[in-house]
Structures are given as C-alpha cells and as structure tokens.
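This report refers to the structure that appears directly beneath it.
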Amino acid sequence: MIQRTLLRQSRAFSSSVRSATRAPLSRSQFLPANRSLARPIAASRWYATEPEAKKADEAKEEGKNGEEDPVKKELEVKSKEITDLKDKYLRSVAEFRNLQERTKRDVQAAKDFAIQKFAKDLVDSVDNLDRALAMVPEEKLNKQEKDEHLQDLVSLYEGLKMTENILMQTLKKHGLERFDPSVEGEKFNPNEHEATFMTPMQGKEDNTVFHTQQKGFKLNGRILRAAKVGVVKNT
C-alpha cells in the first residue's frame, strides 16, 4: 500500500517537472509571433505622425511668409516719402513759375499804364490844338493868290500842323495813339465809341459812324477815352 502511494507521488512529481520544462518552450514559440505583431504597430505609429510633421512645417513656412520683411517695409515707406516730396517739389515749381508770370505781367502793366493819368490830362491839350487847326477853312489854304495876311495864316497853320505831328509821334512812342472812326466809316463799337446822336442818312448802313465829334485815344491798346461820334439810323 505504501509502495503504491510513493509510486503515485513520483509520477505526479515527474509530470509536474515535465510541464514546467515545456512551458518555456511554448512561450518561446509564441514570442516571435508577438514580436512580429508589435513591429507593424510601431511602423504604423511612425507613418501616422508624418502628416502632422508636414503640417507643422507648412505652418512654420506660412508664419515666415506672413511676417513682413523690415527692410522691404522701410523701402516702401521711403518710396512713398520720395513720391510725396516730388509732388510737393513740382507744385512749388509750378507756383513759383506762376508767380513769376504774374509779377512780370504786373510790372509790364505798371510800365505800360504808368503815364495813364498824365495822358488823360494831355489829351485835352491835343484836342485844343486839333480844334485850332480845324478853324482854318480849306478854301483859304488852297487859294492860289494869297495876300500878306493870308500868307501869314497859312504859315501859322503849317507851323501848328508840324507841331501836332511831332507831338503825336512822341505820344505814339509811349503807347498813346489817337483814332478817328469816321475816316474809314467804321461800325459802331460800344467798347470804343460813344454815340452822341443818331440820324438817318441815305446811302449808308445802320450803325455806321459818319461823324466824329471828339476823337478817341488808346494807351497801349486799352481805351483811354472813347470817341464821341454820330451814328446812322435809317429805321
């Protein structure tokens, strides 16, 4: 009986030893399978992180592009300042030239019309000289036989006429000119003529100047005194 019990215990012990020796072998057999499964998992994790790295790089590049270059910004500011200064310079030059032109015109006008007041006072004397010459009848001047008194009158007339011619030439040098609109039968011009009367006249058109009561004067092209005239009015 005791032998059988010992035999059974020895068999159980041997079976446990065998199972213990087999266990590592089984684990070593499954270990490569587990390692082969772990490797693809590690590889899949590596590939999954690549798009995120690319996105990070793109974000960094966009940040660099988004940041303004200080040199470029300063260059743009300086270019704008140069444009503004150039515009101001051109405006200043234009204003200065306009000022020069205005000053030149003002100086020229001052020279041209400096004697305006003197000329107005002088034209009355010229009118008196013209009236004196007009008082001598043409019949006496053209008469063939002249006595002593008539000859003195003709000499006086010629002397006054010469004086008038020299005076008018001198005044013309300074821009003062006399005009008579009835000589050429000019049309009435309200800017140059002053109508003192109107009358019908056959053979002449309306608004034609046929008589000059007082001659007019111009100072450097500007009307100093309008001519007083008679105008034709048939209707």
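What's counted below: heavy atoms across the whole structure, side chains too, no hydrogens, waters or symmetry copies. What you see is a predicted model; the values in this text were computed from it and never measured.
Following chains of ILVMFWY side-chain contacts shorter than 4.5 Å, one cannot reach L141 starting from M135, and the two form parts of different hydrophobic clusters. By the criterion of side-chain heavy atoms lying less than 4.5 angstrom apart, applied directly or through intervening Ile, Leu, Val, Met, Phe, Trp or Tyr residues, L160 is grouped together with V154 in one hydrophobic cluster. V93 and F96 fall into different hydrophobic clusters, where Ile, Leu, Val, Met, Phe, Trp and Tyr residues are linked whenever their side-chain heavy atoms come under 4.5 Å apart, directly or through other members. Both V136 and L129 belong to a single network of hydrophobic side chains, linked directly or stepwise wherever heavy atoms of I, L, V, M, F, W or Y lie under 4.5 Å apart. When hydrophobic clusters are built by joining Ile, Leu, Val, Met, Phe, Trp and Tyr residues whose side-chain heavy atoms come closer than 4.5 Å, directly or via intermediates, F179 is not grouped with F210.
At least one donor-acceptor pair under 3.5 Å links the side chain of N234 to the backbone N or O of M201.
Counting heavy atoms from C-beta outward, V77 and E74 have side chains that stay 4.5 Å or more apart. The shortest distance between side-chain heavy atoms of P181 and T212 falls below 4.5 Å. By the 4.5 Å heavy-atom criterion applied to side chains, E148 and L153 are not counted as neighbours. With a 4.5 Å cut-off on side-chain heavy atoms, L171 and V126 count as touching. In this structure, E76 and K72 have side chains that are in contact, with non-hydrogen atoms separated by less than 4.5 Å. Side-chain contact between R131 and Q214 is present, with heavy atoms from C-beta onward closer than 4.5 Å. In this structure, V229 and E194 have side chains that are not in contact, with every pair of non-hydrogen atoms separated by 4.5 Å or more. Residues Q151 and S155 form a side-chain contact, since some pair of their non-hydrogen atoms from C-beta on lies under 4.5 Å apart.
Classification of R91 and D87 as a salt-bridged pair holds, one side-chain N sitting under 4.0 Å from a carboxylate O. One finds no salt bridge joining K104 and E101 here, because no Lys/Arg side-chain nitrogen approaches an Asp/Glu carboxylate oxygen to under 4.0 Å. A salt bridge does not link K233 to E205: none of the charged side-chain nitrogens sits closer than 4.0 Å to a carboxylate oxygen.
Across M198 and N207, no two heavy atoms sit closer than the pair CE-OD1, 4.5 Å. When every heavy atom of H174 is checked against every heavy atom of I115, the shortest pair comes out as O-CD1, 3.6 Å.
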**Prompt:** Would L176 and K218 count as a side chain to side chain contact (heavy atoms under 4.5 Å, CB included) if you check the C-alpha gap in whole Å, the side-chain angles of each, and the deciding distance to 0.1 Å?
**Reply:** CA-CA 6 Å; L176 184 62; K218 292 181 180 180; over 6 Å; no

**Request:** Check the pair K143 / L150 against side chain to side chain contact (heavy atoms under 4.5 Å, CB included), numbers first and verdict last.
**Result:** CA-CA 9 Å; K143 193 174 181 179; L150 185 58; 3.7 Å; yes

**Request:** Kindly indicate, with the supporting measurements, whether the criterion salt bridge (Lys or Arg N to Asp or Glu O under 4.0 Å) is fulfilled by E164 and K161.
**Result:** CA-CA 5 Å; E164 183 190 31; K161 189 66 175 177; 3.5 Å; yes

**Item:** Working for side chain to side chain contact (heavy atoms under 4.5 Å, CB included), residues D127 and F217
**Value:** CA-CA 11 Å; D127 289 339; F217 285 87; 3.8 Å; yes

**Item:** side chain to side chain contact (heavy atoms under 4.5 Å, CB included) between L224 and V123, intermediate numbers included
**Value:** CA-CA 10 Å; L224 182 66; V123 294; 4.3 Å; yes

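In this structure, N220 CG and K111 NZ are separated by 12.5 Å, a value rounded to the nearest 0.5 Å. Put simply, OG on S182 and NZ on K215 are 8.0 Å apart, with the number rounded to the nearest 0.5 Å. Interatomic distance, K172 NZ to L167 CG, rounded to the nearest 0.5 Å: 13.5 Å. Within the model, atoms NZ of K88 and OG1 of T83 stand 12.0 Å from one another, a figure rounded to the nearest 0.5 Å. Taking NZ from K228 and CZ from F197, the interatomic distance works out to 12.5 Å, rounded to the nearest 0.5 Å. Rounding to the nearest 0.5 Å gives a distance of 11.0 Å between OG of S79 and CG of D84.
Shown here is K120, whose NZ atom has no more than 12 heavy atoms of other residues, nucleotides or ligands within 6.0 Å.
Here the options are H193, E184, K204, the test is side chain to side chain contact (heavy atoms under 4.5 Å, CB included), and the partner is V209; only H193 passes.
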